[in-house]
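Working notes, beginning with the structure itself.
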Amino acid sequence: MASQTPIPPPVAPVVRPVTPDDGDSVVAERKEQKTKPPQMHQVVMLNDDYTPMEFVVVVIQEFFNKDRESATQIMLKIHLDGKGICGVYSRDVAATKVLQVQEAARQAGHPLQCLSEPVD
């Protein structure tokens, strides 16, 4: 009456006893992987003869979270040396800061230039 053949019961897996190491086996040692920290980039603001010093101080305070005294010192360095470092960040953050400064300068009608360069 049964049209199908019965399925045999599943076979239990073979369990082998644990044997002590006889010295023939090879074990790969785990190597510690050292990851390097990301390369940092400094945001450099360039001097020009048209952007007001007060605007530069405000931009440094706003986008680089500096107090008024630090921002003024950075602005004077930019004015006297032709360029000044506003901060050191990872590449993406530095690029974002550069874009923010350039956009703020453009909206205010100033030719202020800012760039990002890798830290040696």
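Computed from a predicted structure; not experimentally measured. Computed from heavy atoms alone, side chains included, the values below leave out hydrogens, waters and symmetry copies.
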Quick one: do Glu62 and Lys97 make a salt bridge, cutoff under 4.0 Å?
no
Report whether [X] and [Y] are members of the same hydrophobic cluster (ILVMFWY, side-chain heavy atoms less than 4.5 Å apart, transitive linking).
X: Val93; Y: Val101; answer: yes
X: Leu112; Y: Leu76; answer: yes
X: Phe55; Y: Ile74; answer: yes

Check His110, Met75, Gln61 against Val56 for a side chain to side chain contact (heavy atoms under 4.5 Å, CB included) and give me the one that passes.
Met75
Once you round to the nearest 0.5 Å, how far does [atom1] of [X] lie from [atom2] of [Y]?
X: Gln39; Y: Ser90; atom1: CD; atom2: OG; result: 11.0 Å
X: Gln73; Y: Ile78; atom1: CD; atom2: CD1; result: 12.0 Å
X: Asp92; Y: Ser116; atom1: CG; atom2: OG; result: 10.0 Å

So, for [X] and [Y], which heavy atoms are closest and what is the spacing to 0.1 Å?
X: Ala94; Y: His41; answer: CB-CB, 3.8 Å
X: Val88; Y: Met40; answer: CG1-CB, 3.7 Å
X: Cys114; Y: Val98; answer: O-CG1, 3.4 Å

Do [X] and [Y] come close enough that some side-chain heavy atom pair is under 4.5 Å?
X: Lys83; Y: Lys77; result: no
X: Ile60; Y: Met45; result: yes
X: Gln102; Y: Leu99; result: yes
X: Arg91; Y: Pro38; result: no

For Gln107, does the CD atom sit with more than 12 other heavy atoms under 6.0 Å from it, leaving out its own atoms?
yes
Suppose the criterion is ring pair (Phe, Tyr, Trp, His ring centres under 6.0 Å): which pairs have a residue in residues 58-105, not counting sequence neighbours?
none
